[in-house]
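Note on naming: letters A, B, ... go to the chains in the order of the sequence lines (proteins, then strands), and numbering restarts at 1 for each one. The shown structure was predicted, so the numbers you read here are calculated from the model rather than taken from an experiment.
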Number of protein chains: 2
Amino acid sequence: MLVSIHARPTLEDVAARAGVSRATASRVLNASPRVSPEALEAVNAAVLALGYQPNRAARALVTRRTGAVAVVFSEPEPKIFDDPHFARLIRAGARALADVDVQMVLMLVHSPDDQARAHRFLAGGHVDGALVFAPHRNDELVSIVKKLPLPVVYAGKPWGSLRGMHLVDNDNEGGAVLATEHLKSLGRKKIVHVAGPADELSAIDRLNGFKSALGLDDKGAAKVTEDGGFTREGGRKAMAALLAKVPSLDAVFVASDLMAAGALETLQEAGKRVPEDVAVVGFDDHATIAEHTSPPLTSVRQDSDEQVKHMVEHLMKLLRDETVKTKKQMLPTVLVRRESA
Amino acid sequence: MLVSIHARPTLEDVAARAGVSRATASRVLNASPRVSPEALEAVNAAVLALGYQPNRAARALVTRRTGAVAVVFSEPEPKIFDDPHFARLIRAGARALADVDVQMVLMLVHSPDDQARAHRFLAGGHVDGALVFAPHRNDELVSIVKKLPLPVVYAGKPWGSLRGMHLVDNDNEGGAVLATEHLKSLGRKKIVHVAGPADELSAIDRLNGFKSALGLDDKGAAKVTEDGGFTREGGRKAMAALLAKVPSLDAVFVASDLMAAGALETLQEAGKRVPEDVAVVGFDDHATIAEHTSPPLTSVRQDSDEQVKHMVEHLMKLLRDETVKTKKQMLPTVLVRRESA
DNA sequence: CTCCTCGATGAAAACCTTTGAGTCGCCGGT
DNA sequence: ACCGGCGACTCAAAGGTTTTCATCGAGGAG
């Protein structure tokens, strides 16, 4: 049977070759139970022989499903995308979505223009759902997305009411407690904190963990904390400020590895030995940072790959209309000991 | 006219409201010239009033175009994705593609499994074309993709025959010449080179530029060159090796900013002052690296955003079946002077 | 006044799949 | 022998858009 020169085979072709109707062939492909074993085998053989691949557009048209989901990063400050964390999240997203055979539409939202575009796109029915990364305070994108009749899973807690929202968060607070307790267990008496920006909830949660582990109130915490803005440079400066503020410090919990790298540099310049004079614990356990600082960084691991995987799973459940038991998931964090503490 | 509760408006609805036929409405949307001004205006008004957005699936079905292109990163070593360069390319791709309203399907290819998946996907007609980043030697993905009847634009020169391929490359060799000439013009006599891995053409081109600027042959070059593998750690080690090999060196051209950051650390530890004792020039002009080393790094700028933008433009031309004059584009590089040289 | 041309428009086919309704044959029960 | 029921299957409609072809009307040439 000579098939046409180059055209891709259609379901009709498969059905013809298998000696069944289009409908039956379709049922085989969609794993419907109402198919006889013979038909099933014949169709599968035909699919294989012809190298058939369903036409996504046709399928999308009738099912009213696009087979695509948006992955949205909302980030007023484009620079932070040079953060290696970002690359990791994207990689994890690409992988997890490819595994379930759905297309990933990446959207980076910086400006109000981008927001409008994202709004149009998400409202336009071009995707079945969305994964949203919007860590910042009062991010308008979140209010926009919230109003859309679109299944959405957030990474971490977006600012504002969480009513009815689905999200997968890391246990930032628990991780911070872990880190601080560890420093205490080393016998450190004067523990300080380089915090992340006050407009990100993950930073706030980490700060809260630090406070609760030490039994500090807001005022007490303010005396031993500096904002490092989640950047290397910020970590450097915050550490310097802390050295000035608390000369007797003997340990520091830094809210991100990137900042910790900066902090280590400052400590080194100040002639402090790590961990002898000052013990340092970071957060993220970022492979290419934590393992390559000197000394290698003790850090709280939050598994971004795992987080994204859970987000995807959760979203798929929503798309399948399964009733999800827990709307919010919290992923555990663990302390990874290296040499800095 | 009460419209249905929630269903998205269709072209039929638009046509009805504008008092024309579906066909005419379609012509307006596709900017066909054969439309009267009145019809045009009426349809546009209806589109606006209804918030109409074309159904991508339906359109894809009939035009046999998906409105999506794949962006493929082939990279045996997943770690390199922590390279900030990668994040930049992705960002640029997302932006450039969104600008022309096509969806970006991101594919990260690490393993042979991934290759097979990519093959299936690209052959499956799920995208109209592809942007391929495959810098490494003998990357099998390239041979796979080459056989596909799919418009593809490569980033840089993939290894192997370039016959009939479309690509947008940076002028690596020219940039290297620029860097080396600059060091010469500073009166430096003993200039060495920290190279990228020998299985990436961009690294080889930079090495070649270095060689030709100094008039070195292979043997001569080998004496003053070390491979830094495009990593920070590699740059550190390569610099140390060079210091041992060529104690009298007074300048170094490093083939990437990340390696240059490492090299600077080594120089500092060796007690060399930069630029007084040793002048350093990097490559990439990566914002978050070059500006934050101490001293700030003189570097060759290659504009990744520009490169990706050109790739997208080129691909769009291919998709429109325009005959493209030049299959290969070369983007200029410029030297950005800071304090390290 | 008629014929022709040409531009604008409408009707309908085509794209490929899913799915609800209907058909067919067969078995067991009466 | 008939009927009901059931499992496996086929038919055909539906989904929203583009595009070809035909139609219609107006305006110019003869």
Sub-4.5 Å side-chain heavy-atom contact between [X] and [Y]:
| X | Y | result |
| --- | --- | --- |
| B/Val152 | B/Met165 | no |
| B/Val43 | B/Val20 | yes |
| B/Phe133 | B/Leu89 | yes |
| A/Ile90 | B/Leu106 | yes |

(message) What residues from residues 30-40 of chain A pass a heavy-atom cutoff of under 4.0 Å to DNA chain D?
(response)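 Here the set is A/Arg34, A/Val35, A/Ser36, A/Ala39.
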(request) Extract, from 5' to 3' on DNA chain D, the first and final nucleotides lying under 4.0 angstrom from some heavy atom of chain A. (result)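 Terminal contacting nucleotides, 5' to 3': D/dA8 to D/dG16.
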Please give me the minimum heavy-atom distance between [X] and [Y], naming the atom from each residue.
| X | Y | value |
| --- | --- | --- |
| A/Ile144 | A/His119 | CG2-ND1, 3.3 Å |
| A/Leu331 | A/Glu306 | CD2-C, 4.0 Å |
| B/Leu97 | B/Met104 | CD1-CB, 3.6 Å |

Reckon [X] touches a base, only the sugar-phosphate, or nothing at all at heavy-atom distances under 4.0 Å?
| X | answer |
| --- | --- |
| B/Ser26 | base |
| A/Thr24 | base |
| B/Arg64 | sugar-phosphate |

(message) Just N and O in the side chain of A/Thr10: are any of them under 4.0 Å from OP1 or OP2 of C/dT17?
(response)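 So the side chain of A/Thr10 is within the cut-off, an N or O lying under 4.0 Å from OP1 or OP2 of C/dT17.
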(message) Less than 4.0 angstrom between a side-chain N/O of A/Tyr52 and OP1 or OP2 of C/dC16, yes or no?
(response)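 No, outside the criterion.
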(request) Please determine which of A/Leu131, A/Leu108, A/Val127 meets the side chain to side chain contact (heavy atoms under 4.5 Å, CB included) test together with A/Val71. (result)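 Of all the options given, the one that passes is A/Leu131.
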Output yes when [X] and [Y] qualify as a salt bridge under the 4.0 Å nitrogen-oxygen rule, no when they do not.
| X | Y | result |
| --- | --- | --- |
| A/Asp114 | B/Arg95 | yes |
| B/Arg117 | A/Asp99 | yes |
| B/Arg320 | B/Asp128 | no |

Spacing of [X] atom [atom1] relative to [N] atom [atom2], expressed in whole Å:
| X | N | atom1 | atom2 | answer |
| --- | --- | --- | --- | --- |
| A/Arg56 | C/dT18 | CZ | P | 12 Å |
| B/Asn55 | C/dC16 | CG | P | 16 Å |
| A/Glu12 | C/dC15 | CD | C1' | 13 Å |
| B/Leu11 | C/dA14 | CG | P | 20 Å |

(request) Could you tell me which residues satisfy ring-ring contact (aromatic ring centres under 6.0 Å, His included) with A/His310, sequence neighbours excluded, listed by chain and number? (result)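 Result, ring-ring contact (aromatic ring centres under 6.0 Å, His included) vs A/His310: none returned.
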(request) Specify the angle, to 10°, made by the local axes at the two ends of the helix from C/dC1-D/dG30 to C/dT30-D/dA1 when five pairs are taken at each end. (result)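 One end's axis against the other's: 60°.
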(message) If you assign each of A/Pro9 and B/Val20 to its closest nucleotide in DNA chain C, which residue comes earlier from the 5' end?
(response)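 Looking at the nearest nucleotide for each, B/Val20 comes out on the 5' side.
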(message) By the salt bridge (charged side-chain N to carboxylate O under 4.0 Å, His left out) test, which pairs, at least two apart or in different chains, include something from residues 24-47 of chain B?
(response)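 Residue pairs passing salt bridge (charged side-chain N to carboxylate O under 4.0 Å, His left out), neighbours aside: none found.
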(message) Walk along nucleotides 20-28 of chain C from 5' to 3' and tag each nucleotide B, S or - by protein heavy-atom contact under 4.0 Å, base first, then sugar-phosphate.
(response) B--------
(message) Tell me whether A/Lys146 at atom NZ has more than 12 heavy atoms from other residues, nucleotides or ligands lying less than 6.0 Å away.
(response)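 Count over threshold, so yes.
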